[in-house]
Amino acid sequence: MSLLRRPLAIIASALLLAGAHAADAASAPSLLDYVGQCVPFAREASGIQIYGDAWTWWDQAEGRYRRGHRPRVGAVIVFSRSGQLKLGHVAVVSRIVEKRVVMLTHANWSRLDGARGHAEQDVTLHDVSPANDWSQVKVWYRDRDGLGSSVYPVEGFIYGDGHAARELSGDRPDDVGALIDAYVPEAALATR
């Protein structure tokens, strides 16, 4: 191949490759089509590059990412390891409803068609901690069609660098439903 043709061939190959990558991105499945564990999902959805079991994220984030005890959209909430959550859990804040109610987008929580691992968008999370510090929460559970009865300990929130996925929140999340789930006593719902 002549010296003149070689750069043209390289440029043509690069353009074809770029076009193939663009086509792959356009046909890539939705983040919400994900089925698997919570950790890879949270990493992809938040842009926070931490690996390992969910309960280890809080300590791993020290010195690498800002951490705190107030929710922000795109932040990862780290659930502590407990009897119910042997490996902890991580989820991404998708929407702030009010100071004690937010929505999460996460994977591997509720069952969908009898199986765990599916992604769920805009799930209600209610701060039930006595000090209003997000150290204890209740999570909406699809199998129950409302907040679960379990209280989960939380380490806090890890704040990313703004590279959260666009699909964190839906077009019309149910803010009112989230508030009802959080504040209307179960007994009142049962009598309707």
Side-chain angles (χ1 to χ4, degrees), residues 37-39 41-43 45-48 50 52-111 116 119-162 164 168-170 173-192:
Q37 299 297 316
C38 64
V39 166
F41 180 86
R43 188 171 39 249
S46 69
I48 293 174
I50 296 180
D53 292 338
W55 69 273
T56 69
W57 277 43
W58 184 252
D59 288 339
Q60 286 190 63
E62 187 174 13
R64 293 176 60 195
Y65 295 95
R66 289 177 298 122
R67 303 181 307 170
H69 299 283
R70 294 283 168 239
R72 294 185 194 152
V73 172
V76 170
I77 184 170
V78 180
F79 289 69
S80 304
R81 182 167 47 172
S82 67
Q84 296 158 305
L85 299 173
K86 305 271 188 245
L87 300 176
H89 183 68
V90 286
V92 183
V93 177
S94 58
R95 187 171 183 83
I96 308 290
V97 178
E98 60 98 43
K99 68 180 184 172
R100 295 195 77 181
V101 179
V102 302
M103 291 183 180
L104 302 175
T105 294
H106 63 168
N108 200 27
W109 189 263
S110 299
R111 288 179 187 86
R116 289 202 186 277
E120 294 178 272
Q121 184 182 53
D122 293 327
V123 172
T124 302
L125 180 74
H126 182 207
D127 171 24
V128 295
S129 60
N132 301 333
D133 63 0
W134 289 93
S135 61
Q136 297 176 341
V137 298
K138 284 188 174 185
V139 184
W140 190 86
Y141 189 50
R142 182 185 305 255
D143 296 4
R144 194 158 180 267
D145 215 14
L147 283 178
S149 57
S150 297
V151 174
Y152 298 96
V154 168
E155 296 292 334
F157 298 90
I158 301 171
Y159 309 116
D161 54 8
L168 282 182
S169 185
D174 187 1
D175 291 354
V176 173
L179 291 170
I180 290 170
D181 283 343
Y183 293 117
V184 176
E186 288 180 34
L189 291 175
T191 59
R192 285 206 238 163

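Predicted model, so just to flag it, every value in this text is computed and none were measured.
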- Taking all non-hydrogen atoms of both residues into account, name the closest pair between P173 and G170 and its distance. CD-O, 3.4 Å
- Task: State the CH2-CD1 distance between W58 and I158, to the nearest 0.5 angstrom.
- Result: 6.5 Å
- Decide if atom CD of Q136 counts as having more than 12 heavy atoms of other residues, nucleotides or ligands within a radius under 6.0 Å. yes
- Item | Shortest non-hydrogen contact between V90 and A42, atoms and distance | CG2-CB, 3.6 Å
- Message: According to side-chain contact (heavy atoms from CB on, under 4.5 Å), who are the partners of D161, at least two apart in sequence or on a separate chain?
- Response: H163
- Can you check side-chain contact (heavy atoms from CB on, under 4.5 Å) on Y152 and L85, steps first, answer last? CA-CA 9 Å; Y152 298 96; L85 299 173; 3.5 Å; yes
- Message: Using every non-hydrogen atom in the two residues, find where W57 and G52 come nearest and quote the distance to one decimal.
- Response: NE1-O, 3.3 Å
- Item | V93 side chain near F157 side chain, heavy-atom distance below 4.5 Å | yes
- Query: Can you list the residues that meet the side chain to side chain donor-acceptor pair (under 3.5 Å) rule with Q121, with sequence neighbours excluded?
  - Reply: none
Do any side-chain atoms of residues 95-105 form donor-acceptor pairs under 3.5 angstrom with protein atoms, and if so which ones, sequence neighbours left out?
residue: R95; atom: NE; partner: D175; partner atom: OD1; Å: 2.8
residue: R95; atom: NE; partner: D175; partner atom: OD2; Å: 3.4
residue: R95; atom: NH2; partner: D175; partner atom: OD2; Å: 3.2
residue: E98; atom: OE2; partner: R100; partner atom: N; Å: 3.0
residue: E98; atom: OE2; partner: V101; partner atom: N; Å: 3.3
residue: E98; atom: OE2; partner: Y183; partner atom: OH; Å: 2.5
residue: R100; atom: NE; partner: D127; partner atom: O; Å: 3.2
residue: R100; atom: NE; partner: D127; partner atom: OD2; Å: 3.3
residue: R100; atom: NE; partner: N132; partner atom: OD1; Å: 3.2
residue: R100; atom: NH1; partner: N132; partner atom: OD1; Å: 2.6
residue: R100; atom: NH2; partner: D127; partner atom: O; Å: 2.9
residue: R100; atom: NH2; partner: S129; partner atom: O; Å: 2.8
residue: R100; atom: NH2; partner: N132; partner atom: OD1; Å: 3.1
residue: T105; atom: OG1; partner: D122; partner atom: N; Å: 3.3
residue: T105; atom: OG1; partner: L168; partner atom: O; Å: 2.4

- Measure the spacing between CD1 of I50 and CG of D59 and express it to the nearest 0.5 Å. 10.0 Å
- Which pairs count as side chain to side chain donor-acceptor pair (under 3.5 Å) when at least one residue sits in residues 63-92, sequence neighbours excluded? S80-E155, Q84-S150, H89-H106
- Message: So, taking the atom named CG in D174 and the one named CG in L179, what distance separates them when rounded to the nearest 0.5 Å?
- Response: 9.0 Å
- Message: Go through it in stages, so that I can follow the logic: the residues are W134 and L125, the test is side-chain contact (heavy atoms from CB on, under 4.5 Å), and I'd like the CA-CA distance, side-chain angles, deciding distance and then a yes or no.
- Response: CA-CA 10 Å; W134 289 93; L125 180 74; 3.7 Å; yes
- Message: Just verifying a value: how many Å separate S46 OG and I77 CD1, rounded to the nearest 0.5 Å?
- Response: 13.0 Å
- Determine the minimum heavy-atom distance between A182 and L147, stating which atoms define it. CA-CD1, 3.7 Å
- Here the pair of heavy atoms bringing S169 nearest to S94 is CB-O, 3.5 Å
- Task: Search all heavy atoms of G74 against all heavy atoms of A164 and return the closest pair with its distance.
- Result: CA-CB, 3.9 Å
